[in-house]
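My questions will all concern the structure given below.
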Amino acid sequence: MNLVEKIKANPRLKKFVLSLMTQKNQARPRLWVKWFLNPFVHKKGKNARICRYTRMDVMPFNNFVLGDNSTIEDFCTINNGVGDVLIGRRSRIGMSNVLIGPVTIGNDVILAQNIVMSGLNHGYEDILLPPHDQPVSKKSITVENEVWIGANVVVVAGVTIGKHAIVAAGSIVTKNVPAYSVVAGNPARIIKQYNSVSGKWDRVS
């Protein structure tokens with residue numbers, strides 16, 4: 001058992017180590033973690049850019065990767081506290097997006113503004129405890145290559161959005177989205193799908 005596994009296996013030790021690494025009652029890493037640990041653990045590709053006013057709540061015990069020529073715009077929040085956040089090449093994370101891991105985003109992806117993707121859910125079943133004191137569950141969100149997601153979209157835990165799919169603005173995505181399809185609405189449903197025979201996007205009634 002390595003050091004990380006030993007810490008995770010001991011609840012009191014894990015709580016102590018987390019208190020050293022995070023600010024009290026916040027998800028933000030302490031400055032010493034941000035300056036002296038994260039740069040050596042996380043991967044930022046060539047010509048990748050994280051804009052000045054992005055909130056990076058990333059910790060060294062989970063992965064954060066930003067691929068070559070990708071950008072995270074201002075006012076985004078990136079959180080890998082309970083799962084990896086992996087962003088591929090030539091992808092753009094638009095202003096005011098919230099990505100809470102585990103989230104994997106492929107290459108050539110466009111995320112517009114005010115999108116929320118959270119692979120994390122809080123427990124609520126025990127009525128004697130507030131949700132923030134209950135165990136969390138996590139299911140990975142996957143956004144495959146060439147996806148375009150419009151503004152004000154919510155993608156819930158466990159969803160996969162297939163290659164070259166389009167998610168219309170304001171949609172709530174609760175189920176997997178097939179590749180080469182357009183979805184819209186709350187909950188999101190397929191309104192168009194690419195027809196490889198005709199070479200056209202057919203409307204789905």
Side-chain angles (χ1 to χ4, degrees), residues 43-51 53-56 58 63-80 82-121 138-205:
K43 298 176 182 176
K44 185 179 173 186
K46 184 178 180 181
N47 298 320
R49 185 180 180 208
I50 300 172
C51 291
Y53 297 108
T54 295
R55 176 169 167 168
M56 297 296 293
V58 296
N63 294 315
F64 168 73
V65 174
L66 182 63
D68 296 347
N69 300 298
S70 288
T71 300
I72 301 176
E73 297 284 1
D74 284 322
F75 313 116
C76 290
T77 298
I78 310 297
N79 185 311
N80 74 340
V82 299
D84 299 342
V85 176
L86 311 174
I87 301 169
R89 301 184 301 277
R90 301 176 302 278
S91 290
R92 180 173 294 272
I93 312 304
M95 288 192 299
S96 301
N97 281 209
V98 177
L99 305 182
I100 301 174
V103 172
T104 299
I105 293 173
N107 304 323
D108 302 299
V109 171
I110 303 172
L111 302 187
Q113 302 77 37
N114 304 309
I115 294 164
V116 177
M117 296 185 187
S118 178
L120 163 71
N121 277 311
K138 57 182 181 178
K139 292 182 180 178
S140 184
I141 294 171
T142 301
V143 179
E144 296 182 353
N145 298 340
E146 303 173 18
V147 167
W148 173 25
I149 300 180
N152 302 306
V153 166
V154 175
V155 181
V156 304
V159 164
T160 294
I161 300 177
K163 182 178 180 179
H164 205 99
I166 312 301
V167 181
S171 299
I172 311 296
V173 185
T174 61
K175 296 180 180 179
N176 292 344
V177 175
Y180 305 102
S181 63
V182 180
V183 300
N186 179 11
R189 61 180 181 82
I190 300 171
I191 61 171
K192 286 185 179 181
Q193 204 148 25
Y194 181 72
N195 186 325
S196 60
V197 176
S198 66
K200 296 180 179 181
W201 290 82
D202 293 339
R203 184 166 293 278
V204 176
S205 58

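Below, all heavy atoms of this structure are taken into account, side chains as well, without hydrogens, waters or symmetry copies.
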- [ ] With the side chain counted from C-beta on, respond yes when Lys43 and Asn63 share a heavy-atom pair under 4.5 Å apart, and no when they do not.
- [x]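 In short, these two side chains do not touch, never coming nearer than 4.5 Å.
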Task: Atom pair OG1 (Thr174) and CZ (Arg189), whose distance is rounded to the nearest 0.5 Å - done: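 If we round to the nearest 0.5 Å, Thr174:OG1 and Arg189:CZ are 12.5 Å apart.
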TODO: Can you measure from OG (Ser91) to CG (Asn107) and round to the nearest 0.5 angstrom?
DONE: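 With rounding to 0.5 Å, OG (Ser91) is 6.0 Å from CG (Asn107).
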Open item on the list: When you compare the side chain of Thr160 with that of Val177, does any pair of heavy atoms fall below 4.5 Å?
Closed with: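 The answer is no, as the side chains (C-beta and beyond) never meet within the 4.5 Å cut-off.
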TODO: Taking all non-hydrogen atoms of both residues into account, name the closest pair between Pro102 and Lys138 and its distance.
DONE: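 That would be CD-CB, 3.9 Å.
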Task: Distance in Å, Asn145 CG paired with Ile105 CD1, rounded so as to fall on 0.5 Å steps - done: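 That separation rounds to 11.5 Å.
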Open item on the list: Any side-chain to backbone donor/acceptor pair from Lys163 onto Glu146? Under 3.5 Å, distance only.
Closed with: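 Checking the backbone N and O of Glu146 against the side chain of Lys163, no donor-acceptor pair under 3.5 Å is found.
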Task: Reference residue Glu73; test side-chain contact (heavy atoms from CB on, under 4.5 Å); the match among Gln113, Met95, Arg49 - done: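 Testing each of Gln113, Met95, Arg49 against Glu73, the sole residue satisfying side-chain contact (heavy atoms from CB on, under 4.5 Å) is Met95.
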TODO: Walk me through it: do Val182 and Trp201 pass the test side-chain contact (heavy atoms from CB on, under 4.5 Å)?
DONE: CA-CA 9 Å; Val182 180; Trp201 290 82; 4.0 Å; yes
Task: Considering all heavy atoms, the nearest Ile141-Gly119 contact - done: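 Where Ile141 meets Gly119 most closely, the heavy atoms are CD1-N, 3.8 Å.
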TODO: Tell me, yes or no, whether the heavy-atom count around Lys44 atom NZ, taken from other residues, nucleotides or ligands under 6.0 Å, exceeds 12.
DONE: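 Yes.
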Task: Sub-4.5 Å side-chain heavy-atom contact between Phe64 and Ile78 - done: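 Of all side-chain heavy-atom pairs linking Ile78 with Phe64, at least one is under 4.5 Å.
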Task: Exercise: identify the closest heavy-atom pair between Ala184 and Ile191 - done: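 That closest heavy-atom pairing would be CB-CD1, 4.0 Å.
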Open item on the list: Which heavy atom of Val147 sits nearest to which heavy atom of Gly162, and what is that distance?
Closed with: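 Val147 and Gly162 have their closest heavy atoms at CG2-O, 3.1 Å.
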Open item on the list: Within the structure provided, determine whether Cys76 and Ile93 are in side-chain contact (heavy-atom separation under 4.5 Å).
Closed with: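 In contact.
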Task: Val173 side chain reached by Met117 side chain, heavy atoms, under 4.5 Å - done: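 The answer is no, as the side chains (C-beta and beyond) never meet within the 4.5 Å cut-off.
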TODO: For residues Ile115 and Asn152, determine if any side-chain heavy atom of one lies less than 4.5 Å from a side-chain heavy atom of the other.
DONE: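 No. Closest side-chain heavy atoms not under 4.5 Å.
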Open item on the list: Any salt bridge linking Arg90 with Asp108? Criterion: basic side-chain nitrogen under 4.0 Å from a carboxylate oxygen.
Closed with: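 Answer for the salt bridge query: yes.
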Open item on the list: Donor-acceptor pair, distance only, cut-off 3.5 Å: does the side chain of Ser171 make one with the backbone of Gly185?
Closed with: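 Looks like yes, one N/O pair under 3.5 Å.
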Open item on the list: For Asn195, give me all partners under side chain to side chain contact (heavy atoms under 4.5 Å, CB included), at least two apart in sequence or on another chain.
Closed with: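 Listed in chain order: Val197, Ser198, Asp202.
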- [ ] Hey, can you tell me if Tyr180 and Tyr194 have their rings parallel, tilted or perpendicular (30° and 60° cut-offs)?
- [x]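 Tilted, since the angle between the ring planes falls between 30° and 60°.
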TODO: Indicate the atoms forming the closest heavy-atom contact of Ala112 with Asn97, along with that distance.
DONE: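 Shortest heavy-atom separation between Ala112 and Asn97 comes out as O-ND2, 2.8 Å.
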Task: Rounded distance [0.5 Å steps], CG in Asn69 versus CG in Asn47 - done: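 Separation between the atoms: 5.0 Å.
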Task: Straight-line distance of Ile50 CD1 to Ser70 OG, nearest 0.5 Å - done: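 Nearest 0.5 Å value for the CD1-OG distance: 10.5 Å.
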Open item on the list: Can you tell me how far apart CD1 (Ile161) and OG (Ser181) are? Round to the nearest 0.5 Å.
Closed with: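 Interatomic distance, Ile161 CD1 to Ser181 OG, rounded to 0.5 Å: 9.5 Å.
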- [ ] Locate the shortest heavy-atom distance separating Gly101 from Val82; write the atom from each residue and the value.
- [x]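 Minimum heavy-atom contact is O-CG2, 3.4 Å.
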Open item on the list: Taking the side chain as everything from C-beta on, heavy atoms only, tell me whether Val85 gets closer than 4.5 Å to Leu66.
Closed with: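 The answer is no, as the side chains (C-beta and beyond) never meet within the 4.5 Å cut-off.
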Task: Side chain Asn176, main chain Val159, donor-acceptor under 3.5 Å - done: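 Such a contact is absent between Asn176 side chain and Val159 backbone.
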Open item on the list: Could you check whether any side-chain N or O of Ser118 sits under 3.5 Å from a backbone N or O of Leu120, counting only pairs where one atom can act as donor and the other as acceptor?
Closed with: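 The answer is yes, because a donor-acceptor pair under 3.5 Å joins these two groups.
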